[in-house]
There are 4 protein chains.
Amino acid sequence: MKALSHPPEGELRERIDAAALHLFAERGAAATPMPMIAAAAGVAVGSLYRYYASKEELVSRLYAGNYAALAQHLDRVQQAQEGTRAKLAAMALFICRYFDDEWDLARFLLLEQHAGLRGYAGPANPIDIVERVIAVGIAAGDIRPIAPLVATAMVIGPIVQAATFRAYGRLRTPLGDIAEQIAATIWAAIAADQRGAQ
Amino acid sequence: MKALSHPPEGELRERIDAAALHLFAERGAAATPMPMIAAAAGVAVGSLYRYYASKEELVSRLYAGNYAALAQHLDRVQQAQEGTRAKLAAMALFICRYFDDEWDLARFLLLEQHAGLRGYAGPANPIDIVERVIAVGIAAGDIRPIAPLVATAMVIGPIVQAATFRAYGRLRTPLGDIAEQIAATIWAAIAADQRGAQ
Amino acid sequence: MKALSHPPEGELRERIDAAALHLFAERGAAATPMPMIAAAAGVAVGSLYRYYASKEELVSRLYAGNYAALAQHLDRVQQAQEGTRAKLAAMALFICRYFDDEWDLARFLLLEQHAGLRGYAGPANPIDIVERVIAVGIAAGDIRPIAPLVATAMVIGPIVQAATFRAYGRLRTPLGDIAEQIAATIWAAIAADQRGAQ
Amino acid sequence: MKALSHPPEGELRERIDAAALHLFAERGAAATPMPMIAAAAGVAVGSLYRYYASKEELVSRLYAGNYAALAQHLDRVQQAQEGTRAKLAAMALFICRYFDDEWDLARFLLLEQHAGLRGYAGPANPIDIVERVIAVGIAAGDIRPIAPLVATAMVIGPIVQAATFRAYGRLRTPLGDIAEQIAATIWAAIAADQRGAQ
DNA sequence: CATGAATGAGCGTTCATTCAT
DNA sequence: AATGAATGAACGCTCATTCAT
């Protein structure tokens, strides 16, 4: 009794995922009822449970999937560059653009960490990608010999913080517009050779 | 039937606040039911409402009050120092120790910004304090002429990110132990005079 | 785990309405919890909210809907008669029988006026119907030239009072049995021609 | 710690009763919390329970007490007159004025019948007073030989209905202004001698 | 398979009642 | 006697989950 060909159809699963993602980003996962997701996807509530055993699974699978995908993208971006500085700069630019282009998804992944990160043990992970590049950079003498995790916080922290500023209205510029400035500043922070900062 | 001669514990209000703070930090405010707070505080549900008119008020009063207090502390710390570098280093150290000493409170304030920052319009604000020091530092020529908000993200981001790493078990060291390393790195990132980074 | 093959009873909505009506009549709407209605209807609490958005809506829809229906019935009864006296007598008889036949509904509508009448602004309204017949009767010279509202109180008051006596056990006769006596007495009260009272 | 001589004092009991009565009339007993009564009376909540074992007792004692007092007044009014017609007219006038002068109390008695009349078994009772006068009147041949309770409904019903009209804004005149009209109409309804109606 | 009406545990909140002071 | 902070059962309502169709 729903409809014979209501939406352009497409796989139920994909419609559910897209609707859920959008709503989670807009309102937070906890504040999004399952019936609301079903309605947004043009699907019956019961159908949600054919693809996900519970709401928790929907949230965490959505989180983990996109988190891993982001890690893969980031890894490809890094591999496409030669040299620690170029790798880090490319990653910084990529993350900034990711926030600009995938605002909903990025907010869901990076700002709603309580629900998602708890118990995430996926194989690939954006943080690990960055940390590995840094470890290699330190070994190569490109980065000063500080604790790799501190250096990672130095790289990721400013970007996430800028995104947070943007999420709460403190910053109005697209992150892409300040990506190079951020990248340069980050490099100045950790580069072994200080002249490289200029 | 609760306690025989009197609550052996301290003031109800304080027990409520402490219990709420801990649970909010652990699970997020949205995911913490009032009955759970009451149970953790060893108090009846109704008693929560003698001190706070609603859950929302409990969350936002806890947030706003401590957020403003943190800002004041931070301002005093900054004023006690001479020179941009010393001010920033002292602030970085203070925030790191704040995380170590007031783990619950700091996590609640700095990691759960969704619930708290929405509609926070307090007069003092930790971010503003840092941003002002940076603006003065730029004017004084101590900091390179980058956008103050970017520099602020550069200062706060790494610390918050390190705290996040610690909250999710990635980092095990107390933040105080790496505070100087963080401060030095931050300074290297934004200092006008690159030799100052060493 | 409730029923094996299906509710053996009728439509949920009707069961809810009937249960609510009975309880409202017996104890008053304010003193009737939603869970009590659900239990009486043999339905889960949540199901109440599929049909009514709130308790207030349940009360007022039940009230308004039946109040308007009663007004329509009363109007039809009145139109079927010729002459003021016959119209009033028919209405009196109808209301008396209404109390006898729809005891719960009539008590709810006519005795619990607090919750229901507040803000009721329906188009049709039993009081208005009676008042209009009386106004016409006065204009026709059938009824003495008293204030129409006083005459209306004269017509409705005794019936409602008799119903109240019955509700509190003072009167045991069905109202239908004394309807003609009441109608005759009412007519004696307001008729222009006193011989008409006999 | 409350106050040394806050209000002009006076017996606690009386202050409680007065405050409760006013609030019950204004908002209904069910919607009036005990703490609100205590605050209005300038008394601690606990003190309410020194005088009344429960809220229910407070409501019903207040109801019964005033109900009985009204009955006594009505009886005195009736006794002060000679003849059935004069007795009924005086009672009608008294009840009308009672509504005008003691609006709160009258509303409480009239509209809170669920809470009050349920199980009221007081010795004196306004209805009984009226019914007795009518029974005597029938025996004396002043009133037509109809069922006394029907005649009682005939006398009380119109007045209560007029008061209800007034409570809900349909009638704006003070009841005292239409008391004689009501009394005359009532008499016309039940008088044995129809010429008496004029 | 997909549906969506039905469920009921659990939420935030209120308030009649108690009891140490 | 009087107090009022503390209690906790019960309220109106939500929503993750199930299952007959």
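Here is the naming used below: chain letters follow the sequence lines, and residue numbers restart at 1 for every chain.
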Of the listed nucleotides [options], the one nearest the side chain of [X]:
X: C/Pro33; options: E/dA16, E/dT13, F/dC11; value: F/dC11
X: A/Pro35; options: F/dC11, F/dA16, E/dT7; value: F/dA16
X: D/Lys55; options: E/dT17, F/dT3, E/dT3; value: E/dT17
X: A/Val45; options: E/dA5, E/dT13, F/dT7; value: E/dA5
X: D/Met34; options: E/dA2, F/dT17, E/dT17; value: E/dT17
X: D/Ser54; options: F/dT17, E/dA2, E/dT17; value: E/dT17
X: A/Tyr49; options: F/dG12, F/dT17, E/dT18; value: F/dT17

When the distance from [atom1] of [X] to [atom2] of [N] is rounded to whole Å, what number comes out?
X: B/Arg13; N: F/dA6; atom1: CZ; atom2: P; result: 12 Å
X: A/Tyr52; N: F/dT17; atom1: OH; atom2: P; result: 14 Å
X: B/Leu12; N: F/dG4; atom1: CG; atom2: C1'; result: 13 Å
X: D/Leu58; N: E/dT17; atom1: CG; atom2: P; result: 10 Å
X: B/Ile16; N: F/dT7; atom1: CD1; atom2: C1'; result: 12 Å
X: D/Glu11; N: F/dA1; atom1: CD; atom2: C1'; result: 12 Å
X: D/Arg15; N: F/dA2; atom1: CZ; atom2: C1'; result: 11 Å
X: B/Leu23; N: E/dC11; atom1: CG; atom2: P; result: 13 Å

Review point. For C/Met36 and A/Glu56, take the nucleotide of DNA chain F holding the closest heavy atom to each; which residue's nucleotide lies nearer the 5' end?
Key: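 Result of the comparison: C/Met36.
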
Check your understanding: Where do D/Arg61 and D/Asp17 land on the side chain to side chain contact (heavy atoms under 4.5 Å, CB included) test, with the steps shown first?
Key -> CA-CA 10 Å; D/Arg61 286 245 289 260; D/Asp17 286 5; over 6 Å; no

Check your understanding: Should the pair B/Glu26-B/Arg107 be classified as a salt bridge under the 4.0 Å nitrogen-to-oxygen rule?
Key ->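 Salt bridge: yes.
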
Check your understanding: Donor-acceptor pair under 3.5 Å: do we get one between D/Arg50's side chain and the base of F/dA1?
Key ->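 Under the 3.5 Å cut-off, the side chain and the base do not form any donor-acceptor pair.
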
**Study point:** cation_pi(B/Arg13, B/Tyr52) dist<6.0 Å, angle<=45
**Key:**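 Yes, B/Arg13 and B/Tyr52 form such a contact.
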
**Study point:** Pairing string, 5' to 3', for DNA chain E - Watson-Crick or wobble contacts under 3.5 Å, brackets [ ] where pairs cross, | to another strand
**Key:** .||||||||||||||||||||

Point to revise | Over 12 non-hydrogen atoms of neighbours within 6.0 angstrom of CD in C/Glu56 | key: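 No.
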
Review point. Is there a donor-acceptor contact under 3.5 Å from the side chain of A/Lys55 to the main chain of A/Thr32?
Key: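 It does hold such a pair.
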
Check your understanding: Does C/Tyr67 use its side chain to pair, donor to acceptor, with the backbone of C/Leu109 at less than 3.5 Å?
Key ->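 No; judged by distance alone, with no hydrogens or angles, the pair does not exist.
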
Review point. Got a second to check how far C/Asp104's CG is from C/Leu21's CG, nearest 0.5 Å?
Key: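 Reported to 0.5 Å precision, the distance equals 6.0 Å.
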
Check your understanding: Does C/Tyr51 place a side-chain N or O at less than 4.0 Å from the phosphate oxygens OP1/OP2 of E/dA6?
Key ->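 It does, given that an N or O in the side chain of C/Tyr51 lies less than 4.0 Å from OP1 or OP2 of E/dA6.
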
Point to revise | For the student: nearest non-hydrogen atoms of C/Ala19 and C/Ile37, plus distance | key: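 For C/Ala19 versus C/Ile37, the nearest heavy atoms are CB-O, 4.0 Å.
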
